[in-house]
Amino acid sequence: MEIERWERSEEISDAEKKVIQEIWSRVYANCEDVGVSILIRFFVNFPSAKQYFSQFKHMEDPLEMERSLQLRKHARRVMGAINTVVENLNDSEKVSSILALVGKAHALKHKVEPIYFKKLTGVMLEVIAEVCPNDFTPEAHGAWTKMKTLICTHVTAAYKEVGWAQ
């Protein structure tokens with residue numbers, strides 16, 4: 001599917017891919033805890049996102065969320081999907097395929113509004129910057145911003161492909 005011009009992600013250079021992969025290897029070493037931190041901040045900052053999760057949509061307390069086995073399981077799934085994208089940054093077809101599956105599942109099965117991917121990836125960048133403050137240089141921030149755009153562009157394209165209408 002043709003992605004509209006203003007939604008196209010900027011090409012991630014080989015040097016930027018390397019920066020993303022190096023930082024991600026440090027982040028992913030602590031996969032579950034970082035994933036839980038990302039989801040908790042996401043739900044605290046955007047409480048309306050909890051409506052899509054019957055198991056923890058009524059939780060207000062971040063400590064209660066942190067102890068939720070369902071939230072931890074979802075954090076591992078999110079981190080695993082991002083890890084697969086990062087590991088395959090040199091294979092644009094695979095990245096596109098992975099993110100299309102994620103987008104289609106969230107559009108058709110879970111009925112999640114696509115704006116939440118933009119919000120979640122923004123929170124992801126904040127948390128990664130805090131987890132790796134010495135590595136998160138302006139260049140790294142630029143590379144991760146392109147990564148965020150890549151994720152959102154492909155997921156949004158998948159929503160359009162399945163005729164998303166809320």
Side-chain angles (χ1 to χ4, degrees), residues 1-39 41-43 46 49 51-55 70-129 131-132 136 139-166:
M1 175 177 180
E2 180 67 25
I3 298 171
E4 296 179 32
R5 194 160 66 75
W6 60 85
E7 293 178 340
R8 264 191 204 134
S9 54
E10 241 184 287
E11 191 70 30
I12 301 173
S13 72
D14 288 342
E16 289 169 325
K17 289 174 186 175
K18 187 175 184 215
V19 167
I20 290 167
Q21 289 168 332
E22 287 172 357
I23 291 173
W24 184 253
S25 70
R26 289 183 201 88
V27 170
Y28 199 65
N30 217 353
C31 162
E32 187 171 325
D33 289 339
V34 174
V36 168
S37 294
I38 290 168
L39 288 184
R41 182 171 306 176
F42 176 59
F43 292 135
F46 306 101
Q51 70 183 303
Y52 301 106
F53 298 92
S54 60
Q55 313 92 327
Q70 292 90 351
L71 189 136
R72 289 191 162 277
K73 180 180 177 184
H74 195 68
R76 284 192 303 271
R77 291 183 73 188
V78 168
M79 296 296 280
I82 296 166
N83 187 59
T84 304
V85 170
V86 171
E87 284 179 343
N88 290 285
L89 278 176
N90 292 317
D91 184 346
S92 59
E93 291 290 318
K94 181 122 184 196
V95 167
S96 181
S97 172
I98 295 159
L99 294 172
L101 287 172
V102 170
K104 288 174 184 175
H106 283 78
L108 298 172
K109 183 178 177 189
H110 307 299
K111 310 272 191 248
V112 175
E113 293 178 50
I115 189 66
Y116 286 108
F117 281 91
K118 187 173 186 177
K119 293 174 180 185
L120 178 64
T121 54
V123 170
M124 179 183 78
L125 261 60
E126 290 173 13
V127 173
I128 290 171
V131 170
C132 300
F136 216 77
E139 294 79 17
H141 186 267
W144 275 97
T145 299
K146 287 182 182 181
M147 175 73 167
K148 172 187 182 231
T149 303
L150 173 90
I151 292 168
C152 292
T153 300
H154 283 285
V155 168
T156 302
Y159 272 75
K160 287 180 181 174
E161 190 177 315
V162 298
W164 169 260
Q166 183 63 357

When rounded to the nearest 0.5 angstrom, what is the spacing between [atom1] in [X] and [atom2] in [Y]?
| X | Y | atom1 | atom2 | value |
| --- | --- | --- | --- | --- |
| Lys118 | Glu113 | NZ | CD | 14.0 Å |
| Ser54 | Gln70 | OG | CD | 8.5 Å |
| Ile23 | Ile128 | CD1 | CD1 | 8.0 Å |
| Thr153 | Leu99 | OG1 | CG | 9.5 Å |
| Leu150 | Lys146 | CG | NZ | 11.0 Å |

Which heavy atom in [X] sits nearest to a heavy atom in [Y], and how many Å separate them?
| X | Y | result |
| --- | --- | --- |
| Phe136 | Ala129 | CD2-CB, 3.4 Å |
| Met147 | Leu89 | SD-CD2, 4.0 Å |
| Glu16 | Glu11 | OE1-O, 3.9 Å |
| Val123 | Phe46 | CG2-CE1, 3.9 Å |
| Ala143 | Ile20 | O-CD1, 3.4 Å |
| Val155 | Gly103 | CG1-CA, 3.9 Å |

Check the pair Phe53 / His74 against side chain to side chain contact (heavy atoms under 4.5 Å, CB included), numbers first and verdict last.
CA-CA 10 Å; Phe53 298 92; His74 195 68; 3.7 Å; yes

Got Glu139 and Val19 here, is their nearest side-chain heavy-atom distance under 4.5 Å?
no

Do Met124 and Phe42 make a side-chain contact, defined as non-hydrogen atoms from C-beta onward lying under 4.5 Å apart?
no

Between Ile151 and Leu120, is the side chain to side chain contact (heavy atoms under 4.5 Å, CB included) condition met? List the steps.
CA-CA 11 Å; Ile151 292 168; Leu120 178 64; over 6 Å; no

Presence of salt bridge, Glu22 and Arg26, under 4.0 angstrom
no

Could you go step by step and tell me if Tyr159 and Val112 meet the side chain to side chain contact (heavy atoms under 4.5 Å, CB included) rule?
CA-CA 10 Å; Tyr159 272 75; Val112 175; 3.8 Å; yes

Side chains of residues 75-86: which donor-acceptor partners sit under 3.5 Å, not counting sequence neighbours?
from, atom 1, to, atom 2, distance (Å)
Arg76, NH1, Glu32, OE1, 3.0
Asn83, OD1, Trp24, NE1, 2.8
Asn83, ND2, Glu87, OE2, 3.2
Thr84, OG1, Gly80, O, 2.9

Can you list every pair that meets salt bridge (charged side-chain N to carboxylate O under 4.0 Å, His left out) and has a residue in residues 95-108, with sequence neighbours left out?
Lys104-Glu161

Exam field: side chain Ser96 to backbone Ser92, donor-acceptor pair closer than 3.5 Å:
no

Verdict with supporting geometry, Phe117 and His106, ring pair (Phe, Tyr, Trp, His ring centres under 6.0 Å)
CA-CA 10 Å; Phe117 281 91; His106 283 78; 5.1 Å; yes

For Val131 and Asn30, run side chain to side chain contact (heavy atoms under 4.5 Å, CB included): C-alpha distance rounded to whole Å, both residues' side-chain angles, the deciding distance at 0.1 Å, then the answer.
CA-CA 10 Å; Val131 170; Asn30 217 353; over 6 Å; no

